[in-house]
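Quick one: structure below, then a few questions.
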Protein chains: 2
Amino acid sequence: MLDPVSRVRRFNRAVTSAVGALDTSFLGRGRPLGAARVLNAIGHGRSDVAEIRDYLALDSGLMSRLLRSLEDEGLIETTAHADDARRRVAKLTREGRREFAAYEALSNAQAESFLAQHSQADALLAAMDLIASALTRERVALNEMDPQSEEARYCLGEYYAELGRRFKQGFDVSLSRDPDARDMRRPRGTFMVAISDTLPIGCVGLKGTDYGYAEIKRLWVAPAARGLRLGRRLMDAAEDAARGLGITLLRLDTNSALPEAGQLYRTTGWREIPRFNDDPYPDLFFEKQL
Amino acid sequence: MLDPVSRVRRFNRAVTSAVGALDTSFLGRGRPLGAARVLNAIGHGRSDVAEIRDYLALDSGLMSRLLRSLEDEGLIETTAHADDARRRVAKLTREGRREFAAYEALSNAQAESFLAQHSQADALLAAMDLIASALTRERVALNEMDPQSEEARYCLGEYYAELGRRFKQGFDVSLSRDPDARDMRRPRGTFMVAISDTLPIGCVGLKGTDYGYAEIKRLWVAPAARGLRLGRRLMDAAEDAARGLGITLLRLDTNSALPEAGQLYRTTGWREIPRFNDDPYPDLFFEKQL
DNA sequence: AGCATTATCTGACTTTAGTCAGATAATGCG
DNA sequence: CGCATTATCTGACTAAAGTCAGATAATGCT
């Protein structure tokens, strides 16, 4: 009744029936679920037929027929791939875009009505983020992105907000040594964002310097994604990128108010060194030889 | 990307594919999903054919055929209902119980492996409870139960633990006037447990006294179920039960460290009165004329 | 008793999903 | 160039799910 396994199974049952209702909504537009799923995959930017087939785990014969039926409806057009005429590329027609928008509106309305029904939406959303992150853990992509991209800026904003909450004295970016975006772009450095199904849930910056080492900056993992060893994955990726750039020495600074960060560094080959900058926030300094 | 609707939709996607995997596990025993679902419904105690059909939303023709195929496999037996020979009642045979147990083992193993894969299981379970409660809110049953039943004792244990956390001085049941279970059984009183799909998520006691009034005791709502107005439902049910028992005056005591409780009482027709007992914990006393 | 209602069953469908063995055409590579 | 490989398509299936119009028998109600 109250053991963890029962609780997981209760969640499964609750969600299965809710998701069932969600699926049937996709049937509200007079189209079989398979065709609707393909249309939506195309609408969400997947154009390569093989990619869609792979994503939706469809047999090639079935896929071909579904594409044909969407073509007959006038919702998509397929053309040969520019580089490889065996492959086909699908895109929405004007009418297909309209139909896709209708599905999007349906999904949005469903999500909105769910939110409207529940007063404690914040707690609910946090719980949903946590579960979604856990379920998609193995599908988290680490993408190199511009430090001024929308995704990167979102992560940094969350990062600063968290520092503000966790430092006794708060956190003001302008007092800190905010790294120049140019130092976190190739060839001087890089910036990586962990994306879980479109949602940014973590980041790390590699900042080039002129002093014979590079710095790790802005390591952040969304609260909903903690415990999934994402911090370690981000650090590994940053170190790999550094090696690729010919960097042999890394440094970073952190604060003892972030014990999980210090713990991560200590267990992954970093050693504590004396202060190497005059930033007012950090009180711990590390170095790692690659 | 980060708006609430996107977050809900991300959760839906994550859970849909996870649930898909769950469904296919039901196919591992050489039986179509429909038949497996019916077998499991019967195994979980649903015996009335009409009830199962309703629960699984099956057409009567389809249902009939699924029952036949399970009968042919020797997993179930159907008999006419004792009171109404038109209705049929299905129950598992010995072999059916064995097969059902195999499905149960599969589900448990799946839940266990999910838990094993995730280090922060406590946070994950709390999030799952919250979501499951929200999704099944309209299906929460208020059952009259013995105050010494397993479900009731679970609720009371959680209730005491929460008082311990929220009272500055902690909470020790033995110092409080722990109501005698007999006073919370008919005809003197009653005890109700809110059950969401097998999980107790709230309770309330109605305690009879010899002083011309009854008391409301042990009103508790699980953290995962707050915000769903369950406290109000429990109170309404307790008041209804009191009316049914011919009780016309209710009293209760509470503590100002539980502001949401005081708020609930004040907005539902209770008025504050002077202390009417010598229990060391409460500092607020209410009364309501029915 | 007579008649409408109800629960289930049966037969005759259709639709959707999925499988599999080739066919066709483009590409990569020695 | 020739041949293996690859991506897609077509035809010929099967299985599962679902629909619908009666048939059958028990029940409720007057």
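Not measured: the values here are computed from a predicted model. A note on names: the letters A, B, ... follow the listed sequences, proteins ahead of strands, and every chain is numbered from 1.
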*Of all the heavy-atom pairs spanning A:L234 and A:V204, show the shortest one and how long it is.*
O-CG1, 3.7 Å
_A:G34 vs A:S60, nearer the 5' end of DNA chain C by closest nucleotide_ =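 Result of the comparison: A:G34.
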*Atom CG of B:L62 and atom P of C:dA12: how far apart are they, to the nearest Å?*
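Answer to the nearest Å: 18 Å.
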*Between A:D240 and A:R243, does at least one N-O distance fall below 4.0 Å, as a salt bridge requires?*
yes
*Rounded to the nearest Å, what distance is computed from the CG atom of residue B:L66 to the P atom of nucleotide C:dA7?*
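Answer to the nearest Å: 19 Å.
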*asked:* Determine whether a donor-acceptor pair (one donor, one acceptor, N or O, separation below 3.5 Å) exists between the side chain of A:R65 and the base of C:dG18.
replied: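 Between C:dG18 and A:R65, which were checked side chain against base, a qualifying N/O pair under 3.5 Å is absent.
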*asked:* Assess whether a salt bridge exists between A:E71 and A:R68, defined as any Lys/Arg side-chain N lying under 4.0 Å from an Asp/Glu carboxylate O.
replied: yes
_Rounded to whole Å, how long is the line connecting atom CD1 of A:I76 with atom P of D:dT8?_
12 Å
*Which residues in residues 48-56 of chain A have at least one heavy atom lying under 4.0 Å from any atom of DNA chain D?*
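Going residue by residue through residues 48-56 of chain A, the ones with a heavy atom under 4.0 Å of DNA chain D turn out to be A:V49, A:A50, A:R53.
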_Between A:D72 and A:S69: side-chain donor-acceptor atoms closer than 3.5 Å_ = no
*B:L58 has an atom CG; how far is it from atom P of C:dT8, in whole Å?*
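Rounded to the whole Å, the gap is 12 Å.
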*Just by protein heavy atoms under 4.0 Å, how would nucleotides 24-30 of chain C read 5' to 3' in B, S and -?*
--BS---
*Identify the nucleotide, in any strand shown, that forms a Watson-Crick or G-U wobble pair with D:dA23, with both distances under 3.5 Å; if there is none, say none.*
C:dT8
*Where the side chain of A:P32 is defined as all heavy atoms beyond and including C-beta, which of C:dA17, C:dT8, D:dC9 is the nearest nucleotide?*
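Selected nucleotide: C:dA17.
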*Quick one: B:D59 CG to C:dT8 P, roughly how many Å, whole number?*
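Computing the B:D59:CG to C:dT8:P distance gives 12 Å.
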*In whole angstrom, what separates B:M63's CE from D:dC20's C1'?*
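Rounding to the nearest Å, CE of B:M63 and C1' of D:dC20 are 19 Å apart.
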Can you give each donor-acceptor pair under 3.5 Å made by side-chain atoms of residues 52-64 of chain B, sequence neighbours left out, with the distance rounded to 0.1 Å?
from	atom 1	to	atom 2	distance (Å)
B:D59	OD2	B:G61	N	2.7
B:D59	OD2	B:L62	N	3.3

*Rounded distance (nearest 0.5 Å) linking atom OG of A:S133 with atom CZ of A:R226*: 11.0 Å
*Rounded to whole angstrom units, what separation is found between the CG atom of A:L67 and the P atom of D:dA7?*
15 Å
*Charged N to carboxylate O under 4.0 angstrom, A:R87 versus A:E51?*
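So A:R87 does not pair with A:E51 through a salt bridge.
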*Round to a whole Å and report the spacing from CZ of B:R68 to C1' of C:dG11.*
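One finds 15 Å between C1' of C:dG11 and CZ of B:R68, rounded.
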_Which residue is it: A:I195, A:T136, A:V140, A:V221? I am looking for the one with a side chain to side chain contact (heavy atoms under 4.5 Å, CB included) to A:I201._
A:V140
*When rounded to the nearest 0.5 angstrom, what is the spacing between CD1 in A:I42 and CZ in A:R97?*
12.5 Å
